[in-house]
Amino acid sequence: MSTATFNFTGAKVLVTGGTSGIGLATALAFADAGASVTITGTRSAPTDYEDDLSRFSYRQLRVTDNAEIKSVAASLDGLDILVNNAGNVKIAGRKDDPVDVFEEMVRVHLLSAHNMAQACLEMLSASTLPGGASVVGIASLTSFIANPFVPGYGAGKAGLVQLAKTQAALWSARGIRSNCVAAGHIATRMTAPIVETEAFSKGILDRTPMKRWGKPEEIADAVLFLSSSRASFITGETLIVDGGYLFNS
């Protein structure tokens, strides 16, 4: 459950990659706050996933396919909030071409966010949401810290932070705010192997002043705040939610 209280009654929200982890927590938090929520996933139907997604409208989407992005946008009957969350982490192995992996990660984490926002621009411009329409990108600590194992992922997440600034400058006159939430080390299914491996987890916890992993709901709370009228004068910013990890070098 989300720990903050917001009222998004009547708002229309799209969360890409909303079938698990941070995306699902964000979709649930918006639904709990009264919003009508559409999520995307790569599988053919919402029933193909482990979690109950019946509270949401579902669209199948591969974010690397711009035609599918346009199709999803065209299927909506309006939009107030876009959360660009969809993503994955891919490390180039011996059988993978590092160049191809790099390009794929940039397409997944940066170009898809740009293309989805552009496809939804007119709907967002027409929003009457108090505080304005919002685009929120889910960034990462790799937006700021180099990780040699995932150069494409890091480049895409760093670009997402800059994209929010550019969108803020371009679209403020249209009543659209654009921000990011930079997620720290969050306990999800994707990170479970690290969480459960003491050798890896210890190094993370030792550097984190709060001495714990974050929860997906804590990222969701930040997304809802940035999308709300309580953040009506905030745009082009990145809110870091990491338990203090980044500054504690």
Side-chain angles (χ1 to χ4, degrees), residues 1-4 6 13-30 39-41 63 81-91 105-106 108-110 112-113 116-117 134-147 149-165 178-196 200-201 203-205 207-228 231 234 236-249:
M1 296 291 290
S2 177
T3 56
F6 296 94
V13 180
L14 173 63
V15 181
T16 65
T19 59
S20 64
I22 291 170
L24 177 56
T26 300
L28 286 169
F30 273 117
I39 62 172
T40 73
V63 295
I81 298 163
L82 167 63
V83 182
N84 281 311
N85 165 77
N88 58 26
V89 180
K90 190 171 183 180
I91 300 171
M105 290 294 93
V106 172
V108 167
H109 298 103
L110 176 59
S112 71
M116 182 60 80
S134 278
V135 178
V136 181
I138 303 301
S140 162
L141 294 182
T142 60
S143 299
F144 311 102
I145 301 174
N147 185 328
F149 296 104
V150 288
Y153 178 87
K157 292 298 191 181
L160 195 59
V161 168
Q162 180 60 37
L163 179 63
K165 297 177 184 179
S178 181
N179 295 287
C180 284
V181 175
H185 296 97
I186 307 300
T188 65
R189 287 185 196 140
M190 186 175 72
T191 61
I194 301 174
V195 175
E196 295 166 3
F200 294 130
S201 186
I204 291 170
L205 296 180
R207 178 170 167 174
T208 304
M210 296 187 73
K211 302 303 178 188
R212 67 174 176 85
W213 285 73
K215 303 173 185 177
E217 293 81 6
E218 292 173 310
I219 304 302
D221 286 343
V223 174
L224 266 66
F225 165 68
L226 287 174
S227 304
S228 75
I234 300 175
E237 295 295 334
T238 296
L239 176 57
I240 300 169
V241 184
D242 71 343
Y245 181 97
L246 188 62
F247 73 75
N248 195 31
S249 58

Visitor: Between Asn84 (side chain only) and Met116 (backbone N and O only), is there a donor and an acceptor less than 3.5 Å apart?
Guide: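 The answer is no, because no donor-acceptor pair under 3.5 Å joins these two groups.
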
Visitor: Kindly write out the residues that satisfy side chain to side chain donor-acceptor pair (under 3.5 Å) with Ser140, not counting sequence neighbours, or none if the list is empty.
Guide: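 In terms of side chain to side chain donor-acceptor pair (under 3.5 Å), with neighbours along the sequence ignored, Ser140 is linked to Thr142.
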
Visitor: Show the nearest heavy-atom pair for residues Ala139 and Val161, with the distance to one decimal.
Guide: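 Scanning both residues completely, I find the closest heavy atoms to be CB-CG2, 3.9 Å.
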
Visitor: In this structure, which one of Leu24, Asp221, Thr188 forms a side chain to side chain contact (heavy atoms under 4.5 Å, CB included) with Pro216?
Guide: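 When Leu24, Asp221, Thr188 are each tested with Pro216, the side chain to side chain contact (heavy atoms under 4.5 Å, CB included) holds only for Thr188.
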
Visitor: Taking side chain to side chain contact (heavy atoms under 4.5 Å, CB included) as the definition, give me every residue that meets it alongside Ala158, ordered by chain and number, with sequence neighbours left out.
Guide: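 Per chain and number, Ala158 pairs via side chain to side chain contact (heavy atoms under 4.5 Å, CB included) with no residue.
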
Visitor: Are Ser143 and Leu160 packed together at the side-chain level, in the sense that at least one heavy-atom pair is separated by less than 4.5 angstrom?
Guide: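 Counting from C-beta outward, Ser143 and Leu160 never come under 4.5 Å.
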
Visitor: Looking only at heavy atoms, which two atoms of Ala220 and Ala29 are closest? And how far apart?
Guide: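 Distance-wise, the nearest heavy atoms are CB-CB, 4.1 Å.
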
Visitor: First locate atom CG of Leu239, then atom CZ of Phe225, and finally report the distance between them rounded to the nearest 0.5 Å.
Guide: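 If I round to the nearest 0.5 Å, the distance is 7.5 Å.
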
Visitor: Taking the side chain as C-beta and beyond, is there a heavy-atom pair between Leu110 and Met105 under 4.5 Å?
Guide: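 Counting from C-beta outward, Leu110 and Met105 never come under 4.5 Å.
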
Visitor: Would you say the side chain of Ile145 lies within less than 4.5 Å of the side chain of Tyr245, judging by non-hydrogen atoms?
Guide: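 They are in side-chain contact.
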
Visitor: Just how far is it from atom CG of Leu226 to atom CD of Glu237, taken to the nearest 0.5 Å?
Guide: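 Rounded to the nearest 0.5 Å, the CG-CD separation comes to 9.0 Å.
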
Visitor: For a quick test of reading the model, state the closest non-hydrogen atom pair linking Ile39 to Ala27 and the distance between them.
Guide: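 Of all heavy-atom pairs spanning Ile39 and Ala27, the closest is CG2-CB, 3.7 Å.
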
Visitor: Taking all heavy atoms of Ile204 and all of Thr208, pick out the closest pair and write down the distance.
Guide: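 Reported closest heavy-atom pair: O-OG1, 2.7 Å.
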
Visitor: Would you say Thr40's side chain and Gly17's backbone share a donor-acceptor pair under 3.5 angstrom?
Guide: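 Yes, because the side chain of Thr40 sits within donor-acceptor range (under 3.5 Å) of the backbone of Gly17.
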
Visitor: Taking all non-hydrogen atoms of both residues, which atom of Asn88 and which atom of Tyr153 are closest, and how far apart?
Guide: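 That would be O-CD1, 3.5 Å.
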
Visitor: Could you check if a side-chain atom of Phe247 sits within less than 4.5 angstrom of a side-chain atom of Ile240, using non-hydrogen atoms only?
Guide: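 Heavy-atom side-chain distance check fails, nothing below 4.5 Å.
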
Visitor: Only one of Asn85, Ile138, Ile81, Ile22 clears side chain to side chain contact (heavy atoms under 4.5 Å, CB included) with Val223; which?
Guide: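 The option that passes is Ile138.
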
Visitor: Go through the structure and list residues passing side chain to side chain donor-acceptor pair (under 3.5 Å) with Ser134, not counting sequence neighbours.
Guide: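 Ser134 satisfies side chain to side chain donor-acceptor pair (under 3.5 Å) with Arg177 once adjacent residues are dropped.
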
Visitor: Using atom types as modelled and distance alone, determine if a side-chain donor or acceptor of Thr238 lies under 3.5 Å from a backbone N or O of Ala182.
Guide: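 Here the side-chain-to-backbone pair does not exist.
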
Visitor: Could you state the interatomic distance from CD (Glu217) to CG (Leu28), rounded to the nearest 0.5 Å?
Guide: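 Rounded to the nearest 0.5 Å, the CD-CG separation comes out at 8.5 Å.
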
Visitor: Atom CD1 of Ile234 and atom CG of Asn179: how far apart are they, to the nearest 0.5 Å?
Guide: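 The CG atom of Asn179 is 7.0 Å from CD1 of Ile234, to the nearest 0.5 Å.
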
Visitor: Is the shortest heavy-atom distance from the side chain of Ser227 to the side chain of Phe6 under 4.5 Å?
Guide: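 Not touching, per the 4.5 Å side-chain cut-off.
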
Visitor: Could you measure the distance from the CG atom of Leu205 to the CH2 atom of Trp213? Nearest 0.5 Å is fine.
Guide: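 Those atoms lie 7.0 Å apart.
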
Visitor: Looking at Arg207 and Leu246, would you say the former's side chain and the latter's main chain have a donor-acceptor pair under 3.5 Å?
Guide: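 Flag set: sc Arg207 to bb Leu246 pair under 3.5 Å.
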
